[in-house]
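Here's the structure, in structure tokens; my notes come after.
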Amino acid sequence: MEEPEFSVVLTGTGGRRMDVVQVVRSITGLSAWRSARLLESVPVVVVEDTGFRVAVDAVGRLKAVGADASLLCGWCERAMVPGTGPVDSGPCASPFSAECPVGRPRR
């Protein structure tokens with residue numbers, strides 16, 4: 001079965017704006033100017049339609065510099081913070097919910 005695609009949503013920049021700009025640059029490949037402009041639109045999707053592990057890595061890198069970020073599942077459209085689970089604890093609306101990394105039980 002195919003994995004869902006995820007988007008990385010930047011919801012806050014924290015106090016280290018220049019560090020966040022640098023991380024956004026490294027994640028997206030955008031110029032410093034375009035990365036800084038992107039931060040002016042918070043909340044904003046930084047990465048769209050990527051794999052789960054890539055999205056988790058991007059969120060981790062953003063959080064490491066003080067930004068607030070989450071994943072958005074392409075199947076159930078629920079937001080998730082890696083390590084804590086879905087922001088919305090409701091059931092997954094996807095027909096593939098048993099396979100969705102957002103809805104999987106934690107071990």
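Checked against salt bridge (Lys or Arg N to Asp or Glu O under 4.0 Å), Arg53 has no partners two or more places apart in sequence or in another chain.
The minimum heavy-atom distance linking Ala55 with Leu71 is given by the pair CB-CD2, 3.3 Å. Taking all atoms of both residues into account, the shortest heavy-atom contact from Val21 to Ala32 is CG1-O, 3.8 Å. Pairing each heavy atom of Val42 with each of Gly12, the nearest pair is CG1-N, 3.6 Å. Here the closest heavy-atom approach between residue Ala58 and residue Val8 is recorded as CB-CG2, 4.0 Å. Closest heavy-atom contact between Ala67 and Val20: CB-CG2, 3.9 Å.
Put simply, CG on Asp68 and CG on Leu62 are 10.0 Å apart, with the number rounded to the nearest 0.5 Å. Atom OG1 of Thr28 is separated from atom CZ of Arg34 by 10.5 Å, given to the nearest 0.5 angstrom.
A donor and an acceptor atom, one from each side chain of Arg25 and Ser31, are nowhere located under 3.5 Å apart.
The same ILVMFWY cluster, assembled from side-chain heavy atoms under 4.5 Å apart, contains both Val44 and Val24.
With a 4.5 Å cut-off on side-chain heavy atoms, Thr50 and Val47 count as touching.
The number of heavy-atom neighbours closer than 6.0 Å to CZ of Arg17, taken from other residues, nucleotides and ligands shown, is above 12.
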